[in-house]
Amino acid sequence: MTAYSKDVIRDLVSGQLPWPQTKRIMSAYKDEDRFFKVLAVLQERVSWKEKILLPISDHLFIVQAKKARVTKCECGHDFGDYKKNWKLKANISVRNTETSLREIYPNNDIPDPKWMEIREFLCPSCGTLHEVEACAPGYPILHEFEPDIEGFYSDWLKQPLPKGL
């Protein structure tokens, strides 16, 4: 098993590695400290001090704030308690007309807006697109990811959770 340096992990996270090397790293067994190297790389990219506990997506994280765990954008926007649906505090752009759907479906493969809409969830502070959903009109906005952070750290990582500032 190859242990990769933090510099290689930084390039992997930022998408700077050539595809053959990326594929090789993704396909190989993971070195035991890989998760912590990724967290260190992500922590270096942000300007705020709270500790990143878990990435949710490329620019969205669960962090340990002073007394609570919150969902936070890379820009620093705080979406609140990580157990609550962060999407409800995002700016939501809904594509539910033929014109708006044609912007992303330029050919004849456009979905019927009576049967499907595209929801884009954006950070209210920086405009980063964090998630996209394709669903039936009127379908509720789901909170589909609520990790067991305590269990992940104690059972999988065998490490204590970082404390707040």
Side-chain angles (χ1 to χ4, degrees), residues 1-66 68-95 103-106 118-134 141-165:
M1 174 171 56
T2 303
Y4 293 98
S5 71
K6 188 174 163 190
D7 289 334
V8 170
I9 300 301
R10 181 179 297 109
D11 290 344
L12 176 70
V13 169
S14 65
Q16 301 299 314
L17 294 180
W19 172 243
Q21 186 178 8
T22 298
K23 184 177 180 207
R24 193 169 44 255
I25 292 171
M26 289 171 30
S27 301
Y29 285 100
K30 309 303 180 256
D31 36 317
E32 289 186 21
D33 64 345
R34 171 87 53 92
F35 179 76
F36 297 104
K37 286 178 186 171
V38 169
L39 286 186
V41 165
L42 295 173
Q43 196 73 53
E44 290 172 357
R45 292 185 353 188
V46 299
S47 61
W48 31 270
K49 300 275 187 233
E50 293 92 354
K51 294 286 181 205
I52 297 173
L53 301 176
L54 191 68
I56 297 174
S57 64
D58 289 346
H59 305 283
L60 193 65
F61 315 100
I62 295 173
V63 304
Q64 181 64 58
K66 289 180 183 172
R69 294 183 191 124
V70 298
T71 301
K72 196 167 193 169
C73 179
E74 189 173 65
C75 77
H77 182 84
D78 186 333
F79 287 93
D81 185 346
Y82 84 100
K83 291 184 178 183
K84 296 193 174 161
N85 193 349
W86 67 269
K87 294 184 227 172
L88 299 175
K89 293 186 177 178
N91 287 345
I92 305 170
S93 175
V94 179
R95 294 177 186 271
E103 293 175 9
I104 55 175
Y105 292 97
I118 305 291
R119 297 177 187 159
E120 300 166 325
F121 298 90
L122 302 113
C123 176
S125 296
C126 69
T128 295
L129 177 64
H130 288 301
E131 190 163 327
V132 177
E133 294 177 345
I141 297 172
L142 300 179
H143 184 212
E144 65 272 301
F145 183 64
E146 187 180 318
D148 173 10
I149 295 177
E150 292 86 359
F152 177 63
Y153 271 78
S154 66
D155 298 345
W156 287 83
L157 299 174
K158 310 287 189 219
Q159 295 283 328
L161 269 163
K163 302 290 183 207
L165 298 175

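Position 1 is the first residue of the sequence, and the numbers go up from there. Predicted, not measured: the structure shown is a model, and the values here were computed from it.
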Polar side-chain atom of K30 near backbone of A28 as donor-acceptor pair, under 3.5 Å: yes
Distance (rounded to the nearest 0.5 Å) between F61 CZ and R45 CZ: 5.5 Å
Reported CG-to-CD distance for the pair L42 and E74, which is rounded to 0.5 angstrom: 8.0 Å
Side chain proximity check, P147 to I62, heavy atoms < 4.5 angstrom: yes
side-chain contact (heavy atoms from CB on, under 4.5 Å) assessment of W19 paired with R24: CA-CA 8 Å; W19 172 243; R24 193 169 44 255; over 6 Å; no
Cation-aromatic face contact K87/F121, 6.0 Å, 45 degrees: yes
Polar side-chain atom of Y153 near backbone of L53 as donor-acceptor pair, under 3.5 Å: yes
Backbone of D11 reached by a side-chain donor or acceptor of S14 within 3.5 Å: yes
Evaluation steps, side-chain contact (heavy atoms from CB on, under 4.5 Å), between L54 and Y82: CA-CA 11 Å; L54 191 68; Y82 84 100; over 6 Å; no
Single hit among L12, D7, V13 for side chain to side chain contact (heavy atoms under 4.5 Å, CB included) with R10: D7
Distance in Å, D148 CG paired with S154 OG, rounded so as to fall on 0.5 Å steps: 7.5 Å
Minimum-distance pair of heavy atoms, taken over all atoms of P55 and L39: CD-CD2, 4.0 Å
Closest non-hydrogen atom pair, V8 against L17: O-CD1, 4.0 Å
Within-4.5 Å side-chain heavy-atom neighbours: F152 and L157: yes
Residue pair R119, I141: steps toward the side-chain contact (heavy atoms from CB on, under 4.5 Å) verdict: CA-CA 9 Å; R119 297 177 187 159; I141 297 172; 3.6 Å; yes
Interatomic distance, I25 atom CD1 to D31 atom CG [nearest 0.5 angstrom]: 9.0 Å
Spacing of I118 atom CD1 and Y105 atom OH [to the nearest 0.5 Å]: 4.0 Å
From K51 atom NZ to Q43 atom CD, the distance as rounded to the nearest 0.5 Å: 5.5 Å
side-chain contact (heavy atoms from CB on, under 4.5 Å) assessment of C73 paired with H130: CA-CA 9 Å; C73 179; H130 288 301; 3.4 Å; yes
Set of residues satisfying salt bridge (Lys or Arg N to Asp or Glu O under 4.0 Å) with respect to D33, sequence neighbours excluded: K37
Partners meeting salt bridge (Lys or Arg N to Asp or Glu O under 4.0 Å) with R69 (sequence neighbours left out): E150
Validation row: E131, W86 side chains within 4.5 angstrom (heavy atoms): yes
pair H77-P124: side-chain heavy atoms closer than 4.5 Å: yes
